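For reference, the structure is listed below as structure tokens.
Position 1 is the first residue of the sequence, and the numbers go up from there. Keep in mind that this is a model prediction, so the values were computed, not measured.
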Amino acid sequence: MNVSKNKFVVVTIGIMMIFLNYYILAVDIVQLSPGWEYRAGITTVILIVYSLISWRILGLKYASPTFFVLFSLYMFHLSSITVIGFDTSTEYDYMQMLYRYGDEWGFQGTLYSELFIEVYLLGVLMFSKSNTELADYDETKGTDGNSLEICRSIGLCMLAISILPQLYHDVIQIGAKIAGGYQAMFESDTTFYGIPLGWFTKLFLPAILLVLSSYRNNKRRFTIVMGITAAYFLIFMFFTGRKGNTIQTLVPLLFMYCYFFKPKLKIWYIAVAYLGIYFVTIVTHTRELAVDANFWNSLQEVIRESEPIKDLCLEMGGTVKAPIQALMSIPATGNYQWGLTYIASFFYSIFSGLKIPCSGLEKYALFNIYLSQPERGTFINSTVFAMGGSAIAEWYWNFGWYGIPLTLVFALFICKIEQKIYCSAYKPVWFGTWVSFLYYLMRYTRGYFTEIVWQPIYVFLFVALIQVVLIKRAPEREKLLEDRYNE
């Protein structure tokens, strides 16, 4: 059966899956009934099984931007209901974001998130190219030593610029966590004598990715650089408890490794993944631990009582709070934006990145600022504290329930980014730069559209500038070497 026929069959089954899940939840859509969590849990399991099987049938890469985005959307919005739905032995309360504002809103937020992810999945299956359509990387094609050297030079130059600011920034954050707890990190001053370090720290991960791209034909050096980088971010995560950002940072490294070296799935990989989940779970609990004389005793107790997969899903799945807040506030206290958010976000991100005053755009670009406006009411205003973002909540803010079929546009956008990454594979500099965009996509799944505007533009312009300088200096360097040789 060819690819087009496979797609037709798989997408048709996917549409049937959506109707099946709707049928399972129909009783709760009409009137919420006890046991809705179990029924919602069943539909999420059906979604997971269908995702894995359809990906396999169509020959899509699991280590791909589209799959990483799918996984991130699921983990941050539906993983908690999957656990709660089947965990009948535990009594959950309002401390879980799913129940924070009542069962009805918890169900509505889950339903919208699930429909969004289902349609995103269908869109990806429709628009993605299979492994046979996207040729695997071949180290013998198009990556001459000169292009790799330029890529490595750009990466090392950016690393020299960014590494000290990154270290200073991270040390300040760890110090703030030790002194004042988890929340204190977000209030800490990470400027250096008034100089915003963000101008430099934005270049750190792209610099690493450029160096890795230049080592595409040297697995040993690639693995060493990747291992040191991963260890650094994991240590930072351990002392700060900031697991979300660390996981999003590691995804581009994992993608690049899988793309270049195509590792086969082995049992020890699964063991390492489980240990990684266990580590992340422990890190989650370190948020509440004071770094004092009792720290290690408290940590040992956390290790004994941890249930890695369950705890990870319950904690990460709390992002469903954002879609719930969107459903509570719109249209009850405000209007849909009908795409205005994405236009406002584009300009707000650039203006704020350039430190140009643009406070008038905030309430259209950032959902938390929108919810904090007085016209939302005191109750909605009170829910904004410590609020994260969500691509799904932002989508509802703009299009409401009408946005579910429009999610195909979102899927098409992610597929185009993925294809752009693959098409740049034999241009080491731009491949490394485009892979850095994957980091911003991962942040966007639990953030705002502003995440994928200014910072990627800044990185792309910086890389282009250094590349132009290096290319212009290349003939001069060659001439100098030639003159020395003639002497």
Side-chain angles (χ1 to χ4, degrees), residues 65 134-135 137-166 196-219 221-222 224-226 228-229 249 251-253 255-257 259-260 346 349-350 353-354 416-443 451-484:
L134 289 170
Y137 173 72
D138 182 349
E139 67 181 42
T140 65
K141 295 167 62 176
T143 51
D144 59 276
N146 187 50
S147 63
L148 294 177
E149 185 181 343
I150 290 174
C151 181
R152 190 175 305 122
S153 297
I154 295 173
L156 291 174
C157 178
M158 291 170 59
L159 190 61
I161 293 171
S162 61
I163 189 167
L164 289 179
Q166 184 73 43
L197 295 182
W199 289 96
F200 307 99
T201 57
K202 287 181 181 68
L203 303 175
F204 185 69
L205 179 61
I208 297 293
L209 292 171
L210 285 165
V211 172
L212 290 175
S213 183
S214 75
Y215 285 134
R216 58 182 58 198
N217 299 336
N218 190 326
K219 185 176 181 180
R221 290 188 178 182
F222 186 106
I224 291 172
V225 175
M226 178 179 169
I228 293 172
T229 305
T249 302
V251 163
L253 305 179
F255 165 73
M256 194 177 277
Y257 180 84
Y259 183 67
F260 288 143
F346 181 82
S349 182
I350 293 175
L354 294 172
K416 290 296 182 183
I417 296 297
E418 176 179 84
Q419 290 163 22
K420 189 67 179 176
I421 291 172
Y422 287 132
C423 288
S424 66
Y426 296 104
K427 301 174 182 176
V429 172
W430 295 113
F431 183 74
T433 309
W434 272 107
V435 171
S436 73
F437 194 85
L438 177 56
Y439 165 71
Y440 301 111
L441 278 182
M442 297 299 292
R443 285 179 61 88
E451 301 281 358
I452 58 174
V453 181
W454 166 246
Q455 294 189 54
I457 290 175
Y458 173 73
V459 170
F460 273 69
L461 290 175
F462 199 94
V463 170
L465 178 63
I466 298 179
Q467 186 176 31
V468 168
V469 172
L470 287 177
I471 291 175
K472 282 187 176 181
R473 292 189 60 185
E476 298 175 8
R477 185 174 59 178
E478 290 177 7
K479 187 176 184 303
L480 179 63
L481 291 173
E482 186 179 341
D483 291 342
R484 286 181 180 175

## Note on the structure
Looking only at heavy atoms, the pair that brings Val453 and Ser349 closest together is CB-OG, 3.6 Å
### Message
Ignoring hydrogens, what is the shortest heavy-atom contact between Met226 and Leu212? Give both atom names and the distance.
### Response
N-CD2, 3.9 Å
### Query
Mind checking whether Leu210 and Leu156 have side chains closer than 4.5 Å, heavy atoms only?
no
### Query
Can you check whether Ile421's main-chain N or O pairs, donor with acceptor, with Ser424's side chain at less than 3.5 Å?
yes
### Query
Which pair of non-hydrogen atoms, one from Ile208 and one from Thr229, has the smallest distance, and what is that distance?
CG2-OG1, 3.5 Å
#### Entry: Interatomic spacing from CD in Gln166 to CG in Leu203 - rounded to 0.5 Å
10.0 Å
### Summary
Leu159 and Ala207 have their tightest heavy-atom pair at N-CB, 3.5 Å
### Task
With the side chain counted from C-beta on, respond yes when Pro65 and Tyr422 share a heavy-atom pair under 4.5 Å apart, and no when they do not.
yes
### Query
Going by heavy atoms in the side chains, are Lys202 and Trp454 under 4.5 Å from each other?
yes
### Query
For the residue pair Tyr440 and Phe437, does the interplanar ring angle fall in the parallel (under 30°), tilted (30 to 60°) or perpendicular (over 60°) class?
perpendicular
### Task
Would you give the length of the straight line joining atom CZ of Phe346 to atom CD1 of Ile452, rounded to the nearest 0.5 angstrom?
11.0 Å
### Message
Could you tell me if the side chain of Leu465 sits less than 4.5 Å from the side chain of Leu461, heavy atoms only?
### Response
no
### Query
Roughly how far, to the nearest 0.5 Å, is CZ of Phe431 from SG of Cys423?
11.0 Å
#### Entry: Ile163 vs Phe204 side-chain heavy atoms within contact, under 4.5 Å
yes
### Summary
Correct closest heavy-atom pair for Phe462 and Ile161 would be CZ-CD1, 3.7 Å
### Query
Is it true that a side-chain atom of Ser153 and a backbone atom of Glu149 form a donor plus acceptor pair closer than 3.5 Å?
yes
## Note on the structure
To the nearest 0.5 Å, atom NZ of Lys427 lies from atom SG of Cys151 at 13.5 Å
### Query
Do Met256 and Leu438 have side-chain heavy atoms sitting under 4.5 Å apart?
no
### Query
Taking atom OH of Tyr439 and atom CD of Gln455, what is their separation to the nearest 0.5 Å?
7.0 Å
### Query
Ignoring hydrogens and geometry, is there a side-chain-to-backbone donor-acceptor pair from Thr433 to Phe460 under 3.5 Å?
no
### Query
Would you say the ring centroid of Phe260 lies under 6.0 angstrom from that of Tyr215?
no
### Task
Using atom types as modelled and distance alone, determine if a side-chain donor or acceptor of Arg216 lies under 3.5 Å from a backbone N or O of Ala425.
yes
### Query
Should Pro428 and Ser213 count as side-chain neighbours, where that means a heavy-atom distance under 4.5 Å?
yes
### Query
Shortest non-hydrogen contact from Ile466 to Cys157?
CD1-SG, 4.0 Å
